[in-house]
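A note on names: the letters A, B, ... follow the listed sequences, proteins ahead of strands, and every chain is numbered from 1. No hydrogens, no waters, no symmetry mates; every other heavy atom, side chains included, goes into these values.
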There are 2 protein chains.
Amino acid sequence: MKENQTDQQHLAWLARSFGRPDYLPLSPDDLKALAEAGDIVKKYPGTHLFKEGESATAAFLLREGEVDLYRGATDRRDVVGRVGPGAVIGDIAMFSGQPYISSARAVGHVTAFHFDRDRLLPKLALSPAITLRWLVASLTQLERTQRRVLNLMHKTVLAQVAGLLVNEADDRAEVALSQATIAILLGASRQSVNEALNELKRRGHVETGYRLVRVLDSESLIRVAAED
Amino acid sequence: MKENQTDQQHLAWLARSFGRPDYLPLSPDDLKALAEAGDIVKKYPGTHLFKEGESATAAFLLREGEVDLYRGATDRRDVVGRVGPGAVIGDIAMFSGQPYISSARAVGHVTAFHFDRDRLLPKLALSPAITLRWLVASLTQLERTQRRVLNLMHKTVLAQVAGLLVNEADDRAEVALSQATIAILLGASRQSVNEALNELKRRGHVETGYRLVRVLDSESLIRVAAED
DNA sequence: TCAAAATTGTCATGAATCCGACAGTTAGAA
DNA sequence: TTCTAACTGTCGGATTCATGACAATTTTGA
């Protein structure tokens, strides 16, 4: 609970750039149509919506509460992300007809739509608009993930930090993350991030504060992120 | 034409793990319906199917020939991949209503289906099976790309090479790629790959030949890939 | 068959990054 | 207000990896 706020942002970023974002791929109208294809289920904290390796017979649309996604054994968890209301999980495995890729465990009390594969598919066959929307959402996510691959390949920490700052800056051009958190997000060391931020500060592209980075020159940051 | 065979394998892998695979396995009926929504176009070597930043009004399904996908200016190209027959390109941008993310240039003589957005969308509305198939294909691709992110994060070249060998080994437990090709696929240098292969060979997990790696101990490789 | 091209193997050097350590600073809670 | 935990800033050594260079081997095509 200590690092709750930071943790929250951290996981949100990871989830977004990783594949299971909190975006809502369906409009209210679509949801209405979909509602007939799903049941509402409630999960107690700590219980699983599904587990890695299980046959994927259903996807879930979260309504309330949050869910941790992780891979690997329960003891040696590799958390992939945490998602909240609006997120769709399990769809990749369900549509592909493969076992679940990760496990999904309720963090708090969770309410979710439960779409059974056998009920959903006929529904989608009748409502191409929903399918198309889902398609667009998945392609958007695919593009984001591809971009992430490009960033991980070859780029220096400096460029990665610049890229993250551009993406994460809020409406006041601020990024409220600790350097340690940024380091984890990028898979770099805290010291390297510190060095990179100093360099950006030296060039006058950003200002730094306690658990805060303020973007001064977004254009330059974009340029730095593209280098290398 | 010189590096044709290797190139083929190399790019097939890149395409598969990156985002533009031969991923549209549609049934004859679906293809027939699709055919009515698209024209066949031919492109001469060096000409563009589309360019980065252009308004994305169409997607292409390659029938013959190969296409380079790259980002950035023509002079300072950052090749994202090369795809061949069966690949679908431009769909992300077209469906999302955004400009093309990358440029696509014909390597040799290219024949492709050209799906105009305005003609395709109504067709999809009438043929949900096609849309659903497209959705499944994109989700499958998304999953692959996510896996790739996991492999690129934090791992040493040794672990990355081990992971690639496990994924790419054919039914005879062989991987017919040159070390230079493997290096490009992983975003590493040829020398590092050579060193990693030597280490794996020393441990008795693989044998190497000319443009060939034979997996002797898949279990150990999986363990090595998980390290770090 | 034989030369050209592709590939493997190896080495030295330098750059980027990680890691451990520690001092100074800030925020938040008692 | 004061204390404590979290965070920033910085240093030097160790490690990984890229780069360029070159010889040896294998394949390929004329």
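- For B:H114, the ring-ring contact (aromatic ring centres under 6.0 Å, His included) test picks out B:F60, with sequence neighbours left out.
- Applying the side-chain hydrogen bond (donor to acceptor under 3.5 Å, both in side chains) criterion to A:S189, with sequence neighbours excluded, gives A:S192.
- At C:dT8, none of the side-chain N or O atoms of B:N198 fall inside 4.0 Å of OP1 or OP2 (strictly under the cut-off).
- Distance alone, capped at 3.5 Å, places no donor-acceptor pair between the B:E207 side chain and the B:L216 backbone.
- Side chain of B:Y210, nearest nucleotide from D:dT27, C:dG9, D:dG9: D:dT27.
- Under the salt bridge (Lys or Arg N to Asp or Glu O under 4.0 Å) criterion, B:E199 pairs with B:R202, B:R203, not counting sequence neighbours.
- Within residues 202-209 of chain B, no residue is approached by DNA chain D to less than 4.0 Å at the level of any non-hydrogen atom.
- With sequence neighbours left out, B:S55 forms a side-chain hydrogen bond (donor to acceptor under 3.5 Å, both in side chains) with no residue at all.
- Qualifying salt bridge (Lys or Arg N to Asp or Glu O under 4.0 Å) partners for B:D217, counting only residues two or more places apart in sequence or in other chains: none.
- An OP1 or OP2 oxygen of D:dT8 is reached within less than 4.0 angstrom by no side-chain nitrogen or oxygen of A:N194.
- Annotation: side-chain hydrogen bond (donor to acceptor under 3.5 Å, both in side chains) contacts of B:T208 (sequence neighbours excluded): B:K201.
- Taking five base pairs at each end of the helix from C:dT1-D:dA30 to C:dA30-D:dT1, the local helix axes there meet at an angle of 40°, rounded to 10°.
- The salt bridge (Lys or Arg N to Asp or Glu O under 4.0 Å) search around B:E195 returns none, not counting sequence neighbours.
- Here the P atom of nucleotide C:dT7 and the CG atom of B:L197 are 15 Å apart, to the nearest Å.
- Straight-line distance from the CD atom of B:Q179 to the C1' atom of C:dT8: 6 Å, rounded to whole Å.
- Under 4.0 angstrom from either OP1 or OP2 of D:dT8 there lies no side-chain N or O belonging to A:K201.
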What nitrogen or oxygen pairs link the protein and nucleotides 16-20 of chain C at under 3.5 Å?
unit_1: C:dT17; atom_1: OP1; unit_2: A:T156; atom_2: OG1; d: 3.2
unit_1: C:dT17; atom_1: OP1; unit_2: A:V157; atom_2: N; d: 2.7
unit_1: C:dT17; atom_1: OP2; unit_2: A:T156; atom_2: OG1; d: 3.4
unit_1: C:dC18; atom_1: OP1; unit_2: A:S189; atom_2: N; d: 3.4
unit_1: C:dC18; atom_1: OP2; unit_2: A:S189; atom_2: N; d: 3.3
unit_1: C:dC18; atom_1: OP2; unit_2: A:S189; atom_2: OG; d: 2.8
unit_1: C:dC18; atom_1: OP2; unit_2: A:S192; atom_2: OG; d: 2.3
unit_1: C:dG20; atom_1: N7; unit_2: A:Q191; atom_2: NE2; d: 3.2
unit_1: C:dG20; atom_1: O6; unit_2: A:Q191; atom_2: NE2; d: 2.9

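- For B:A106, the side-chain contact (heavy atoms from CB on, under 4.5 Å) partners are B:K43, B:T47, B:L49, B:V110, not counting sequence neighbours.
- Computed from coordinates, the B:R211 CZ to C:dT7 P distance equals 5 Å when rounded to whole Å.
- As rounded to whole Å, 13 Å separates atom C1' of D:dC7 from atom CG of A:L212.
- Under the 4.5 Å side-chain criterion, counting only non-hydrogen atoms from C-beta, B:Y100 is not in contact with B:K51.
- In this structure, A:E54 has no side-chain hydrogen bond (donor to acceptor under 3.5 Å, both in side chains) partners at least two apart in sequence or on a different chain.
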